[in-house]
Every structure is written in C-alpha cells, then in structure tokens.
Amino acid sequence: MINKTKVLFASAEVAPFAKVGGLGDVSGALPIALNGLESESFDLRIFMPFHARVREYNPPHHLIGSFNFKLTNDTNLQCELYLSQIANTKVYLLDDEYINHNSPVYHGDWRLDGLKYVSFSLLVLEAAKYLDWQPDILHANDWHTALAINALEQHYKKDPFFKNTKTVLSIHNLPFNGWGSQEAMSMLGFYPTTDPDLPDWAKFTPLPMGISATDLVITVSPGYAKEITTPHFGCGIEHYLQKHEYKLMGILNGIDVDSFNPETDASLPYQFSTDRLYERVRNKLELQSQLGLDVGHQHPLITMVSRLTHQKGLDLLLDGLEKIVDQPWQFVLLGTGETEIENRVSHFAKRYPNKIIPILKYDEKFARMLYASGDMFTMPSLYEPCGLSQMIAMRYGNIPVASATGGLRDSIIDYQQQPNEATGFLFTDISADGFASTLSKALELFEDKVIWTQIQRNAMQQDFSWHHSAITYANAYKNLLNR
Ligand code: NHF
C-alpha cells in the first residue's frame with residue numbers, strides 16, 4: 001500500500017459550507033484538487049469551525065466524538081468533533097464554547113473573534129490527536145489558524161505526536177493580521193514569540209507569529225510574495241519578510257473551470273464559446289433591457305462584481321468614472337460591503353441614473369450574468385493578493401481593466417505591453433487618473449471589433465484551472481518534506 005501524505009488543512013471559511021470571501025473559495029477548491037491529483041497521493045483533510053452558517057447549510061454530518069483538553073492555565077475546554085465531506089475530501093467540523101455553533105464566521109469584534117480563532121487553532125491539533133491521525137503537513141490559512149503553527153512550538157514541543165509535522169502558512173490577505181487577539185492569546189496560554197527579527201508589536205500578533213514559526217509561507221500569487229517585502233505592501237513586517245525571503249513563495253489561485261464555464265453555465269439565457277461570441281451578445285442585450293439601459297451592442301457595458309471594501313478601490317473607481325462621464329458607457333456594479341462605500345455608490349448612481357446601476361446585494365446567479373454580458377470588468381484594487389473575479393471574467397470573455405498589482409498583474413496580459421497576446425488592461429498608476437485613462441483606452445479599442453474579439457478569445461483560452469495550481473502546491477509540499 002502507498003503511504004499517503006497526510007495534510008491537515010485548517011481554514012476559517014470553506015465553500016460551500018461557509019464562505020465570506022475568496023478564502024472560502026480557495027479552501028473549498030484547492031483541497032479537492034490536491035486529493036484528486038492522479039500523479040500524487042494525498043490524504044488531505046479540512047478542519048473548520050462549526051459556524052452557524054454551517055448549521056444553516058446543514059451538510060450531511062455526524063458526531064464522531066467529544067473530548068476535553070486542559071489549557072496551560074489549567075482550565076478545561078470541552079470540544080465536539082463532527083465529520084462531513086466535500087466531494088473527495090473529509091471535512092471535520094470543530095466546536096467548543098468559543099466557536100459556539102451559533103456564531104457568525106466573523107463577529108467583527110476583535111475580542112470574540114480572538115477567542116474563537118485562538119481556541120480553534122488549538123483545537124485542530126487536539127482533534128488530530130483525538131483521531132490519532134498524525135499530519136505530515138499542517139497547512140494553516142491567514143491569521144485565524146496561524147497560531148496552530150505556533151502552538152506546535154509553544155504547547156506541543158515535547159509531544160512526539162507532532163515530531164515530524166512540517167508547517168505551511170498561506171497568506172491570503174496580510175493586513176488582516178489578528179491584531180486584537182492579545183487577551184484571547186493570554187487567556188488560552190500563548191506567549192509572545194522571541195524572534196528578534198520581528199518588530200515588538202508583531203511578536204504577539206497571530207499572523208506575524210505564524211509567519212515567524214512556519215517552515216514555508218505561500219502567498220496566493222507570486223507577485224504578492226514580492227510585494228509584501230516592500231514598505232508599501234509589507235504592513236510593517238517587510239524587513240522580516242526580506243530577511244526570510246528564502247521561506248516565501250507565491251502560487252496563483254485557480255477557479256472552478258467546470259462551474260464557471262460559459263459553454264454549459266445553466267444560469268445564462270445564452271451559452272457561448274469562443275466560436276459563438278454572437279450568442280454572448282444576446283446576454284448583453286437581455287441584461288440591458290432588464291435593467292432599463294439603452295439596448296445595443298455598440299454601447300460599451302462596464303461591469304464590476306466585488307465586496308465593497310476599501311481594498312477594492314471604490315473611491316478611485318467613482319472618481320475615475322466621473323472624469324470620463326461624457327463617454328458613452330454604461331456601468332453595472334454588483335456587491336455589498338461597508339455601509340459608507342455602499343452609500344457613496346448609491347449617491348453617485350443617483351446623479352447618473354441612466355448610466356450607472358448599482359445592485360447592492362450578494363447574488364451568485366446575477367454575478368454570472370454580469371460576467372457573461374459585460375464588455376469590460378473593472379478591478380481597481382489598491383492591492384490584490386490574488387483576486388478571483390478577473391479570472392472568472394476572462395473565462396466569460398469580459399475584459400478586465402485592473403490595477404497592476406499582486407495576482408492581477410500575474411493573471412492578466414496587458415494590451416499595452418503585449419498587444420497580440422493581451423487578455424486585458426493594467427494600470428500602474430493606481431489612481432483615479434490612471435484608471436480613467438486606461439479605461440478610455442479600452443473603450444477606444446472596443447470600437448475595433450477585430451482587435452476586441454482577439455482579446456476576448458485570448459482571455460477565454462487561458463488555463464486558470466485548480467489542477468494547474470494544485471500541481472505547484474504538491475511540489476511545494478514534496479520539497480518541504482524532503483528538506
Ligand atoms: O484572491 C483568496 C483571496 C484572494 O485577492 C484575494 C484576497 C483575499 O484579497 O486567496 O483572498
């Protein structure tokens with residue numbers, strides 16, 4: 001019998017059970033792709049908190065057991081462990097008094113989130129022991145589970161069970177570092193790391209602590225791995241990351257190319273392919289008429305599907321659009337997020353009622369319609385560790401106009417740099433002016449149907465499958481185990 005490599009994959013979000021953002025998409029897809037690799041043999045299992053959302057989604061699951069474990073301060077934590085499944089992958093759902101299966105994925109309250117995720121980070125290790133399942137690799141994601149890696153050092157150093165466990169920490173979003181969990185860490189027995197290369201504040205902050213303790217750090221694109229070693233993107237630990245660059249690598253995320261497939265997507269009125277782009281136009285005409293916009297292929301339709309947060313560059317977008325408001329475009333935005341940004345978008349739309357349509361909700365089906373109808377897809381992010389929407393947009397022939405940062409730069413081939421291979425437009429001057437002038441250029445090229453169709457075909461033919469990324473992860477795991 002072949003010995004499978006055992007990977008404990010810990011994440012706060014896992015789609016479809018509980019997803020808030022891209023972390024959920026990645027955690028619900030990468031594990032399945034890794035377990036499905038024919039060239040490798042992985043026994044990767046997902047460990048996630050039993051959130052209220054999971055209870056509502058209610059996947060088939062059953063209780064495997066309950067256990068108690070003693071914290072270093074002598075208090076007891078009572079835990080329950082459930083087993084469920086996503087495709088080929090086992091999913092363990094963990095519960096305790098802090099996770100409390102009635103809680104939201106994120107409370108938005110640092111104290112409560114601190115308690116929930118610091119305890120979860122300990123629980124994943126205790127659960128592995130309870131199952132007598134010794135992981136070869138512990139793969140944590142973002143600040144929420146980073147402390148599981150520190151726990152190996154701080155709580156389990158003498159425990160032979162984890163003696164051979166190697167560690168990987170994926171960074172999906174560096175600015176979210178777990179600041180505010182200090183009280184929870186003290187309560188649950190963590191102490192500051194003594195790593196002299198970290199600034200003082202970071203020695204007792206979950207994500208930098210995990211980065212310092214882990215064997216390998218993987219960012220979700222190669223570009224972001226480089227960016228976070230600079231002061232602009234490094235969130236105060238750039239010097240640490242420069243010095244420890246040897247343990248830093250980037251692997252671009254993928255998307256589910258079976259689900260996001262314009263040839264078979266049942267949520268679209270008209271399915272299409274690179275050879276049947278005329279069918280794609282019919283989606284656009286239908287959408288324009290549904291939304292009360294002027295109907296016609298000649299009116300360029302600009303789209304955006306996004307969480308409305310500061311990171312996504314909404315200020316820059318609205319200021320940029322205003323600069324070219326006299327041009328004949330239409331703009332449809334779908335998403336929800338910070339109230340202040342939602343209000344600004346609504347206010348802006350009221351001033352240009354026949355041009356700008358904001359749809360402030362989360363609607364997966366409508367998102368697909370936008371991907372399949374838009375001519376241009378905007379992503380003016382201030383930073384973007386990977387970004388998934390630009391890949392989905394390209395697959396549907398919706399041409400990205402995006403900031404030249406992180407994973408956007410790694411996944412989009414810029415017309416201005418490589419016109420023949422181009423799949424989109426990138427702007428390096430990440431400002432309203434930079435955005436407006438690049439969008440104007442795209443609008444100008446939209447008039448040239450031969451060039452535009454070529455860009456669409458190039459974009460739709462890119463391979464953004466998870467299979468591709470999974471092979472790179474598998475090699476990273478292998479290198480780590482052979483060290
Ligand atoms: O795609 C999943 C996602 C990224 O750029 C995205 C982000 C959060 O900001 O890796 O994580």
Side-chain angles (χ1 to χ4, degrees), residues 6-14 27 45-51 54 64-82 91-101 103 105-107 110-135 137-163 165-170 177-193 203-214:
K6 297 200 257 333
V7 184
L8 189 169
F9 189 92
S11 179
E13 302 174 30
V14 181
S27 305
R45 304 183 189 186
I46 298 172
F47 290 60
M48 73 180 294
F50 202 153
H51 308 288
V54 180
I64 316 185
S66 306
F67 55 90
N68 231 306
F69 86 94
K70 214 187 215 51
L71 297 169
T72 42
N73 63 5
D74 262 7
T75 51
N76 268 317
L77 211 49
Q78 173 64 33
C79 320
E80 282 178 352
L81 181 61
Y82 298 81
V91 183
Y92 293 103
L93 306 168
L94 276 59
D95 204 1
D96 70 8
E97 65 182 275
Y98 300 118
I99 294 171
N100 172 358
H101 56 256
S103 67
V105 179
Y106 307 119
H107 290 275
W110 283 113
R111 205 187 96 84
L112 293 176
D113 282 333
L115 286 169
K116 176 169 180 172
Y117 287 107
V118 177
S119 81
F120 176 65
S121 299
L122 287 168
L123 267 195
V124 295
L125 302 177
E126 282 300 313
K129 289 190 74 172
Y130 179 81
L131 294 165
D132 195 22
W133 184 74
Q134 264 181 301
I137 293 175
L138 164 64
H139 187 159
N141 290 274
D142 278 352
W143 80 266
H144 326 104
T145 47
L147 288 176
I149 296 173
N150 293 83
L152 289 184
E153 239 177 56
Q154 298 198 357
H155 300 237
Y156 296 89
K157 204 171 177 91
K158 298 204 178 100
D159 190 332
F161 191 81
F162 294 111
K163 199 173 80 202
T165 303
K166 295 278 188 350
T167 51
V168 177
L169 176 58
S170 278
N177 58 21
W179 180 259
S181 311
Q182 283 72 14
E183 188 189 328
M185 288 194 283
S186 304
M187 251 177 85
L188 299 176
F190 282 93
Y191 48 86
T193 162
K203 290 184 174 133
F204 205 41
T205 303
L207 187 56
M209 285 169 76
I211 291 173
S212 143
T214 194

#### Entry: Spatial distance of atom CD1 (I46) from atom NE2 (H139) [nearest 0.5 Å]
11.5 Å

### Message
Using side-chain heavy atoms (C-beta onward) and a distance below 4.5 Å, is L169 in contact with L207?
### Response
yes

### Message
How long is the straight-line distance from NZ of K116 back to OG of S103, given to the nearest 0.5 Å?
### Response
3.0 Å

### Query
Any donor and acceptor pair, going by atom type alone, linking the side chain of S212 with main-chain N or O of P208 inside 3.5 Å?
no

### Task
Using modelled atom types only, decide if a donor and an acceptor are shared between the side chain of N150 and the backbone of M209 within a distance under 3.5 Å.
yes

### Query
Does S121 reach the main-chain N or O of H144 with its side chain, forming a donor-acceptor pair under 3.5 Å?
yes

### Query
Aromatic rings F50 and Y82: how do their planes relate, parallel, tilted or perpendicular, breaks at 30° and 60°?
perpendicular

### Message
Applying side-chain contact (heavy atoms from CB on, under 4.5 Å) to N68 and L77, what does each step give before you reach the verdict?
### Response
CA-CA 6 Å; N68 231 306; L77 211 49; 5.9 Å; no

### Query
Under 3.5 Å, side chain of Q134 to main-chain N/O of F161, donor-acceptor pair present?
yes

### Atom pair OG1 (T145) and CG (L123), whose distance is rounded to the nearest 0.5 Å
12.5 Å

### Closest heavy-atom pair and its distance - S119, I99
OG-CG1, 4.3 Å

### Query
Can you check whether L71 reaches N76 side chain to side chain, under 4.5 Å on heavy atoms?
no

### Task
Let me see the working for S181 and W143 under side-chain contact (heavy atoms from CB on, under 4.5 Å), right down to the final yes or no.
CA-CA 10 Å; S181 311; W143 80 266; 3.5 Å; yes

### Message
Strictly distance-based, threshold 3.5 Å: is any side-chain N or O of Q154 a donor or acceptor partner for the main-chain N or O of Y191?
### Response
yes

#### Entry: Main-chain N/O of N100 paired with D95 side-chain donor or acceptor, under 3.5 Å
yes

### Query
Of all residues at least two apart in sequence or in a different chain, which pass the salt bridge (charged side-chain N to carboxylate O under 4.0 Å, His left out) check with K203?
D200

### Task
Report yes if the side chains of H155 and L125 come closer than 4.5 Å at any heavy-atom pair, otherwise no.
no

### Message
Has H51 got a side-chain atom pairing as donor or acceptor with A12's backbone, closer than 3.5 angstrom?
### Response
yes

### Message
Would you compute the distance between atom CZ of R45 and atom CH2 of W133 and round it to the nearest 0.5 angstrom?
### Response
5.0 Å

### Between CD1 on residue I64 and CG on residue L131, distance to nearest 0.5 Å
5.5 Å

### Message
If you compare all heavy atoms of P206 against all heavy atoms of G178, which two are closest, and at what distance to 0.1 Å?
### Response
CD-O, 3.5 Å

### Side-chain donor/acceptor of T214 to backbone N/O of I211, under 3.5 Å
no

### Query
Taking only residues two or more places apart in sequence or in another chain, which ones pass salt bridge (charged side-chain N to carboxylate O under 4.0 Å, His left out) with E183?
R111

### Query
Does the side chain of V54 come within less than 4.5 Å of L93's, by heavy atoms?
yes

### Query
Can any side-chain N or O of D113 pair as donor or acceptor with the backbone N or O of Y106 at less than 3.5 Å?
no

### Query
Is there a side-chain contact between Y156 and K129, using heavy atoms and a 4.5 Å cut-off?
yes

### Message
Is the ring pair F120/Y117 parallel, tilted or perpendicular, if the boundaries are 30 and 60 degrees?
### Response
perpendicular

### Message
If I compare all heavy atoms of A127 with all of F47, which pair ends up nearest, and what's the gap?
### Response
CB-CE2, 4.0 Å

### Query
Should V118 and Y98 count as side-chain neighbours, where that means a heavy-atom distance under 4.5 Å?
no

### Task
Quick one: do E80 and S66 satisfy side-chain contact (heavy atoms from CB on, under 4.5 Å)? Show the steps, please.
CA-CA 4 Å; E80 282 178 352; S66 306; 3.8 Å; yes

### Message
I want to check something: taking the side chain as every heavy atom from C-beta on, are Q182 and W110 in contact at a cut-off of under 4.5 Å?
### Response
no

### Within residues 139-153 or reaching into it, pairs that qualify as salt bridge (charged side-chain N to carboxylate O under 4.0 Å, His left out) - sequence neighbours excluded
none

#### Entry: OG1 on T165 to CD1 on I137, rounded to 0.5 Å
9.5 Å

### Query
Does the side-chain contact (heavy atoms from CB on, under 4.5 Å) test come out yes or no for F9 and V14, once each step is laid out?
CA-CA 11 Å; F9 189 92; V14 181; 5.9 Å; no

### Query
Taking atom types as modelled and ignoring hydrogens, do the side chains of T205 and N177 form a donor-acceptor contact shorter than 3.5 angstrom?
no

